[in-house]
Peer 1: 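To start, I am sharing the structure in question, which I have written as structure tokens.
We name chains A, B, ... by the order of the sequence lines, and we start the count at 1 in each one.
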Amino acid sequence: MTRVLAAVAWPYANGPRHLGHVAGFGVPSDVFARFMRMSGHDVLMVSGSDEHGTPILVLADSQGVTARELVDTNHAIIAHELADLGCSYDLYTRTTTGNHYAVAQELFAQVWKNGYMIERTQKGAISPSTGRTLPDRYIEGTCPICGYAEARGDQCDNCGNQLEPEDLIEPRSKINGETPDFVETQHFFLDLPALAESLRAYLEEREASGTWRPNVIKFSLNILDDIKPRAMTRDIDWGIPVPLDGWRDLPTKKLYVWFDAVVGYLSASIEWARRQGNPERWREWWNEADALSYYFMGKDNITFHSQIWPAELLGYMGKGDKGGEPGIYGELNLPTEVVSSEYLTMESQQFSTSRGHTILVRDVLTRYQPDALRYFICAAGPETSDADFTWRDFVQRTNSELVAGWGNLVQRTATMLHKSFGEIPVCGPLASEDKAVLAAVETGFEVVGGLLRRQRLRQATAEAMRVVGEVNAYISRTEPFRMKGEDQRERLATVLHVLAQCVSDCNTLLAPMLPHSSNAVHRVLGGEGDFMPMPQVVEVTDLDDGRAYPIITGDYSATPAWGRRPVVAGTPIAKPAPAFVKLDESVVAEELARMAD
RNA sequence: GGGGCGUUAGCUCAGUCGGUCAGAGCAGCGGACUCAUAAUCCGUCGGUCGUCGGUUCAAGCCCGACACGCCCUACCA
């Protein structure tokens, strides 16, 4: 048994989540975590809502609410969406907790103490009316190169040249049209060059493991070549105070949102331990050298997980050119694996909330079964290359694979059991074809398990479905539905017993991908209660400041083992109701029309 | 501009160390069956593996150009 940290990227709390988020890391991380629990590992899966940063502030202003009000609303929405999808977090929390503030500040302070936070002056754009940093992309003006009037502060969309916002002719704020002030401002920069050698050693060691996806490790090594110090504070009044004398009380200086967002993996682990009543227990996943950690995210986050976060940890431990000492958290484990997905596109275009080209998770969940969405993501998600979601494919995959392939096998098996015996019958002598199908299905545990361990979800799903096909073929070969006579009674019992066993095994194979329906199938086969434990949204109070907020948590200790569980003769089988809903073809047109609105 | 990825059957994609690698699923076509949500099973049609050149006894696989597409490269998170 190994300790496994499943660290899932923190959704930004600027609104409900769209399909791209859950396809990239929400569902894949949950499938992995569930499988690792089934394999007997001690899994800690954490995530939360990322709530700081300029976009939240801008959005809150535009809606006439405070940033805190905005994130309170959105955090609750996101927590429910993820829980409804079945994502089995041990803790899904948020970045505005007292605990998170304290942990982020401890990290920052120790990195500073070790000399890896260097103070520098930089030229920045400030909004004159609010005193807040105006990020480059919130500035527009006329491009000095091509004269395009709508150039952004960082790049001109017309000529493609990279720009400095100061170069723009007649720069203006995209938020309110005012002319930004370009001022000298003091900030702390993470001294990445001083950590580069340690980072390279770490990444080369990870590369040698051969387990990272090729593009992730290549990209990570590549960006080391022109590594520069990176600002870790901002002129903004929404965020975590800089924990240094002379800075702590400055109302407009806060930690850069990305500095604190990645700290969330550690702070959430600590919050989880505190809520368990065992406040040091997080150390088993973070301090013990043989613990494993898997970080799940989209490809736009690779930099932050393979460079910034390891650099923060190395700086915290004093493992850079300038030396230093670890802080109170001790020696912390660097990511074992950075599991980055590509992008999900929607009807061939990138998701875009601002352009309304989007599908919200909660809309899908109100209209369709959560496992239909999970199945699509598992079978056709953006695992190693961009993938396209279309309603036609969604309906097609659901109907022909999930319903007609797997659901139908469950349904026909249960119906025959119910009609012939009303229970799982006693198994007689096995014929060679019985032994063959039982062996083929059992092999699935090794094959599918090996793939899931390596986060090869698409292939794992395809392999599990291939096993389902073998069992359907077994029914065609043995034709139990034709065994009517009393003289065939024993043979019928044996075939149906074997079938019940195979369906039970397939259900286990698919349980990481389809936890909700695994529970339904479990009951169809006469089981009690749930097969796979499910997460819950629980209202808690902040451990430090007493405010109430919802979290996702759950007790997953009853997770079944990965392997065959012998079915028990005599288990009653009721007349089954279909576990999977077939979608009408009209869904395609309906959803496309909905998107066009 | 710099870096990365992709291009294989009508569609979506697998193809590890170069040597039965020309593959799967879906769609199409033909047949079988009736337990099952007209579901299932069997068979079958179908590809100059983006283009050009090179290395090799042997190349989707390695190398070099080129074409097309996508992504990363932000004081957005």
Peer 1: Give the nucleotide from the list C76(B), G15(B), C72(B) with an atom nearest to the side chain of Tyr343(A).
Peer 2: C72(B)
Peer 1: Do Arg489(A)'s NZ or CZ and the ring of Phe421(A) fall within the cation-pi criteria of under 6.0 Å and 45°?
Peer 2: yes
Peer 1: Please state whether the phosphate of C70(B), meaning OP1 or OP2, lies under 4.0 angstrom from any side-chain nitrogen or oxygen of Lys299(A).
Peer 2: no
Peer 1: Taking Lys253(A) first and then Asp235(A), would you say they form a salt bridge - that is, a charged N and a carboxylate O separated by under 4.0 Å?
Peer 2: yes
Peer 1: Between C5(B) atom P and Arg213(A) atom CZ, what is the distance in whole Å?
Peer 2: 15 Å
Peer 1: Does a donor on one side chain sit under 3.5 Å from an acceptor on the other, for Thr345(A) and Asp388(A)?
Peer 2: yes
Peer 1: Any luck finding a side-chain donor-acceptor pair between Ser504(A) and Asn507(A) under 3.5 Å?
Peer 2: no
Peer 1: Just compare C33(B), U37(B), G3(B) and give me whichever is closest to any side-chain atom of Arg482(A).
Peer 2: C33(B)
Peer 1: If you measure from the Lys or Arg side-chain nitrogens to the Asp or Glu carboxylate oxygens, is any gap between Lys299(A) and Asp386(A) under 4.0 Å?
Peer 2: yes
Peer 1: Pull out every residue in residues 386-398 of chain A that has a heavy atom closer than 4.0 Å to any atom of RNA chain B, ordered by number, or say none.
Peer 2: Asp386(A), Gln396(A)
Peer 1: Side chain of Asp300(A) only, heavy atoms from C-beta on: which candidate in C5(B), A77(B), A36(B) is closest?
Peer 2: A77(B)
Peer 1: For Ile223(A) and G3(B), give me the distance from atom CD1 to atom C1', rounded to whole Å.
Peer 2: 10 Å
Peer 1: Determine whether the side chains of Glu433(A) and Tyr474(A) contain a donor N or O and an acceptor N or O closer than 3.5 Å.
Peer 2: no
Peer 1: Do Val8(A) and Tyr295(A) have side chains that approach each other closer than 4.5 Å (heavy atoms only, starting at C-beta)?
Peer 2: no
Peer 1: For Gln186(A) and C75(B), what is the distance between atoms CD and P respectively, to the nearest whole Å?
Peer 2: 18 Å
Peer 1: Please tell me which of the listed nucleotides, U37(B), A77(B), C5(B), lies nearest to the side chain of Lys218(A)?
Peer 2: C5(B)
Peer 1: For nucleotides U12(B) and A65(B), find the distance between their P atoms and express it as a whole number of Å.
Peer 2: 29 Å
Peer 1: Would you call the rings of Phe389(A) and Phe376(A) parallel, tilted or perpendicular if under 30° counts as parallel and over 60° as perpendicular?
Peer 2: perpendicular
Peer 1: Between C68(B) and U51(B), how far is it from one C1' atom to the other, in whole Å?
Peer 2: 11 Å
Peer 1: Rounded to whole angstrom units, what separation is found between the CD atom of Glu342(A) and the C1' atom of G6(B)?
Peer 2: 10 Å
Peer 1: Taking the six-membered ring for Trp and the single ring otherwise, decide whether the centroids of Trp247(A) and Phe188(A) are under 6.0 Å apart.
Peer 2: yes
Peer 1: With a 4.0 Å cut-off on N to O distance, would you call Asp434(A) and Arg491(A) a salt bridge?
Peer 2: yes
Peer 1: Would you please confirm or rule out a distance under 4.0 Å between OP1 or OP2 of A77(B) and any side-chain N or O of Thr54(A)?
Peer 2: yes
Peer 1: Would you classify Ala579(A) as touching base, sugar-phosphate or nothing, given that sugar-phosphate means primed atoms plus P, OP1 and OP2, and contacts are heavy atoms under 4.0 Å?
Peer 2: base
Peer 1: Let's see if you can work this out: which of G15(B), A77(B), C35(B) has an atom nearest to the side-chain heavy atoms of Thr415(A)?
Peer 2: C35(B)
Peer 1: Find the distance Phe580(A):CZ to A36(B):C1' and express it as a whole number of Å.
Peer 2: 14 Å
Peer 1: Distances for protein N/O vs nucleotides 39-42 of chain B N/O pairs under 3.5 angstrom?
Peer 2:
| from | atom 1 | to | atom 2 | distance (Å) |
| --- | --- | --- | --- | --- |
| A39(B) | OP1 | Lys582(A) | NZ | 2.1 |
| A39(B) | O3' | Ala404(A) | O | 3.4 |
| A39(B) | O2' | Ala404(A) | O | 3.2 |
| A39(B) | O2' | Asn408(A) | OD1 | 2.7 |
| A39(B) | O2' | Asn408(A) | ND2 | 3.3 |
| U40(B) | O2' | Arg412(A) | NH1 | 3.1 |
| C41(B) | O4' | Ser476(A) | OG | 2.7 |

Peer 1: Given atom CG of Asn301(A) and atom P of C76(B), what is their separation to the nearest angstrom?
Peer 2: 13 Å
Peer 1: Using the glycosidic torsion, which applies to G31(B): syn (within 90° of 0) or anti (everything else)?
Peer 2: anti
Peer 1: Grab the stems for RNA chain B, please: at least three consecutive Watson-Crick or wobble pairs, both distances below 3.5 Å, written as range with range.
Peer 2: B:1-7 with B:67-73, B:10-13 with B:23-26, B:28-32 with B:40-44, B:50-54 with B:62-66
Peer 1: Verify the ring-centre separation between His305(A) and Phe296(A): is it less than 6.0 angstrom?
Peer 2: no
Peer 1: Glu184(A) versus Lys123(A): any side-chain heavy-atom pair under 4.5 Å?
Peer 2: yes
Peer 1: Within the structure shown, what part of the strands sits under 4.0 Å from Pro578(A) by heavy-atom distance: base, sugar-phosphate, or nothing?
Peer 2: base
Peer 1: Can you tell me how far C1' of G6(B) sits from CD of Glu383(A), to the nearest Å?
Peer 2: 16 Å
Peer 1: Please measure how far the C1' atom in C29(B) lies from the corresponding atom in A36(B), and state the result in whole Å.
Peer 2: 25 Å
Peer 1: Using the purine O4'-C1'-N9-C4 or pyrimidine O4'-C1'-N1-C2 torsion, is C17(B) syn (within 90° of 0) or anti?
Peer 2: syn
Peer 1: Do the rings of Tyr368(A) and Trp391(A) sit parallel, tilted or perpendicular, given the 30° and 60° boundaries?
Peer 2: tilted
Peer 1: Using whole Å, report how far CE of Met465(A) lies from C1' of A14(B).
Peer 2: 17 Å
Peer 1: Counting only side-chain N and O atoms of Lys419(A), is one of them less than 4.0 Å from OP1 or OP2 of A36(B)?
Peer 2: yes
Peer 1: Looking at every strand, decide which applies to Lys123(A) at a 4.0 Å heavy-atom threshold: base, sugar-phosphate, or nothing.
Peer 2: base
Peer 1: Between Asn222(A) and Trp258(A), who's closer to the 5' end of RNA chain B by nearest nucleotide?
Peer 2: Asn222(A)
